[in-house]
Novice: 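Structure provided below as structure tokens; questions to follow.
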Amino acid sequence: GQPDERRTRGLLFITTGRGWLMMANKAFALDKPAAQLPLIDFTSEDAPDAFFDSLKTFGFATLMSHPLDMARVGRIYSEWRAQFSQGVPSGFAMDPIDQDGYFALDNAESAKGQLVRDFKEYFQFYRWGRCPSHLKADLEAHFSDSLDFSSTLLRWVAERLPPDIAASLSMPLEKMIENSDQTMLRVLHYPPIGADIDLPRAAAHEDINLLTILPASNGPGLELQLTDGSWIEVVNRPSQVVVNIGDMLQEATDGFLRSTTHRVATPSQDQAQSGRMSLPLFLHPRPDVVLSPRYTAGTYLAERRRDLSTT
């Protein structure tokens with residue numbers, strides 16, 4: 001059935017028939033994985049601890065009452081959905097070197113280890129990159145606000161790392177993304193799927209970057225994998241932001257914070273026929289930032305890009 005929700009001390013307590021999931025004082029009051037991610041009120045006093053605990057436990061966290069403009073996100077979805085339907089002008093086709101611009105269905109990436117391309121089209125926007133002029137202002141504003149929001153989240157994480165892990169960082173986490181030209185905003189469209197088509201919207205994968213900032217999509221489908229191998233739905237709520245750990249943060253913390261496998265599942269036929277929009281911001285450090293004795297951010301990104309099929 002539908003989960004029951006109760007609020008106290010700025011946090012939501014959710015029951016799904018498996019007991020109460022509680023997020024306070026760095027603890028979960030469950031003896032088994034929760035059926036849902038906890039909802040965290042960004043403005044509450046306990047938010048930093050609750051956010052860190054959720055990332056440590058699930059690799060994901062869900063925030064409400066955050067500073068991002070969701071009306072603007074909705075406008076981006078509507079305007080870009082229309083643009084994808086009309087066709088993106090050829091002058092904005094993806095650049096194979098710079099990786100900005102429009103990736104058509106036959107240019108879409110496939111997850112590492114997967115042979116079939118994801119069934120999606122998307123536009124990759126960098127603050128230095130190309131964008132149709134009538135769509136640029138909202139993307140730039142969302143990009144800027146998301147960076148400010150992300151700096152706060154990275155600071156929360158860094159302040160709660162064990163002392164030895166924190167001391168091993170080459171610089172504070174929020175400093176790693178300052179003036180980075182690699183941070184990228186992706187406007188994603190998962191087209192409607194016909195009844196006779198069996199394709200992954202986004203196959204199981206982990207993100208490459210430090211953190212991914214994902215405002216609510218306009219439809220369900222996102223799932224994450226628990227440590228026991230089972231999958232749970234990341235419930236899509238109109239005003240939420242989902243944050244997940246990427247491989248670079250796992251590398252920088254020597255595995256203390258782990259990147260979680262996730263996917264966009266093909267939903268029910270009714271949902272599949274309507275398509276889906278999504279707007280992830282992938283936070284990347286500057287290329288010279290040292291992640292670990294093995295990698296800089298630049299060498300790590302280059303290695304992972306070689307693993308992706310984007311030809």
Side-chain angles (χ1 to χ4, degrees), residues 2-68 70 145-163 165-166 169 172-174 177 207 209-217 222-227 232-246 249-250 252-253 255-262 280-281 283:
Q2 293 297 311
D4 180 35
E5 299 179 355
R6 302 178 189 176
R7 183 181 292 273
T8 182
R9 297 182 65 202
L11 301 179
L12 283 180
F13 289 62
I14 302 174
T15 183
T16 60
R18 303 174 65 184
W20 287 100
L21 170 64
M22 303 174 62
M23 287 205 62
N25 299 325
K26 299 188 178 182
F28 297 101
L30 281 181
D31 58 1
K32 59 181 68 177
Q36 288 187 25
L37 288 173
L39 285 169
I40 303 166
D41 184 338
F42 178 76
T43 64
S44 74
E45 181 180 349
D46 297 323
D49 287 341
F51 175 73
F52 184 82
D53 289 340
S54 187
L55 286 184
K56 184 70 173 70
T57 302
F58 297 101
F60 275 69
T62 305
L63 293 162
M64 307 290 283
S65 303
H66 54 79
L68 298 186
M70 296 304 292
D145 287 353
S146 296
L147 280 181
D148 291 342
F149 177 53
S150 301
S151 293
T152 297
L153 299 181
L154 286 171
R155 187 169 63 253
W156 285 359
V157 170
E159 290 171 350
R160 284 154 184 82
L161 290 171
I165 300 294
L169 297 175
L173 291 175
E174 68 269 24
I177 65 169
D207 291 345
N209 42 290
L210 283 176
L211 285 179
T212 300
I213 312 299
L214 180 66
S217 301
L222 181 61
E223 298 179 345
L224 69 88
Q225 190 172 39
L226 300 175
T227 54
I232 64 169
E233 178 187 8
V234 179
V235 176
N236 192 58
R237 299 177 178 86
S239 57
Q240 74 183 13
V241 168
V242 176
V243 180
N244 66 273
I245 296 168
L249 186 54
Q250 176 176 290
T253 61
F256 180 79
L257 293 175
R258 300 197 63 81
S259 180
T260 296
T261 303
H262 54 286
L281 179 82
L283 286 172

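Keep in mind that the numbers below use all heavy atoms, side chains included, and drop hydrogens, waters and symmetry copies.
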Novice: If we only count heavy atoms from C-beta on, is the Thr260 to Asn244 side-chain gap below 4.5 Å?
Specialist: no
Novice: Step by step, work out the side chain to side chain contact (heavy atoms under 4.5 Å, CB included) result for Ile245 and Val157.
Specialist: CA-CA 11 Å; Ile245 296 168; Val157 170; over 6 Å; no
Novice: Can you find a heavy atom in the side chain of Pro48 that is under 4.5 Å from one in the side chain of Arg160?
Specialist: yes
Novice: Ser150 and Ile213: which non-hydrogen atoms are nearest, and at how many Å?
Specialist: OG-CG1, 3.3 Å
Novice: Take Leu211 and Leu173 through the side chain to side chain contact (heavy atoms under 4.5 Å, CB included) test and state the conclusion after the steps.
Specialist: CA-CA 10 Å; Leu211 285 179; Leu173 291 175; over 6 Å; no
Novice: What is the minimum heavy-atom distance between Asp41 and Ala47, and which atoms define it?
Specialist: O-CB, 3.2 Å
Novice: I want to check something: taking the side chain as every heavy atom from C-beta on, are Ser259 and Leu249 in contact at a cut-off of under 4.5 Å?
Specialist: no
Novice: Find the distance between CD1 (Ile40) and CD (Gln240) and round it off to the nearest 0.5 Å.
Specialist: 11.0 Å
Novice: Indicate yes or no: at least one non-hydrogen side-chain atom of Leu39 is less than 4.5 angstrom from one of Arg237.
Specialist: yes
Novice: Do Arg155 and Pro172 have side chains that get closer than 4.5 Å, going by heavy atoms?
Specialist: no
Novice: Testing the basics here: between Ala158 and Ala166, what is the closest heavy-atom pair and its distance to 0.1 Å?
Specialist: O-CB, 4.4 Å
Novice: Minimum heavy-atom separation for Ile177 to Ser151, with atom names?
Specialist: CD1-OG, 4.0 Å
Novice: When rounded to the nearest 0.5 angstrom, what is the spacing between CG in Leu154 and CG in Leu283?
Specialist: 6.0 Å
Novice: Do Phe42 and Val241 have side chains that approach each other closer than 4.5 Å (heavy atoms only, starting at C-beta)?
Specialist: no
Novice: Between Ala252 and Leu169, which heavy-atom pair has the shortest distance, and what is it?
Specialist: O-CD2, 3.5 Å
Novice: Are Ser217 and Leu222 packed together at the side-chain level, in the sense that at least one heavy-atom pair is separated by less than 4.5 angstrom?
Specialist: no
Novice: Can you label the angle between the His66 ring and the Phe149 ring as parallel, tilted or perpendicular, going by 30° and 60°?
Specialist: tilted
Novice: Identify the two heavy atoms, one from Phe58 and one from Leu224, that lie closest to each other, and give their separation to 0.1 Å.
Specialist: O-CD1, 4.3 Å
Novice: Mind checking whether Pro67 and Asp145 have side chains closer than 4.5 Å, heavy atoms only?
Specialist: no
Novice: If you round to the nearest 0.5 Å, how far is CD of Glu174 from CG of Asp148?
Specialist: 12.5 Å
Novice: Stepwise, does the side chain to side chain contact (heavy atoms under 4.5 Å, CB included) test hold for Thr62 with Val235?
Specialist: CA-CA 9 Å; Thr62 305; Val235 176; over 6 Å; no
Novice: Determine, step by step, whether Asp207 and His262 satisfy the side chain to side chain contact (heavy atoms under 4.5 Å, CB included) criterion, reporting the C-alpha distance in whole Å, the side-chain angles of both residues, the deciding distance to 0.1 Å, and the verdict.
Specialist: CA-CA 9 Å; Asp207 291 345; His262 54 286; 3.3 Å; yes
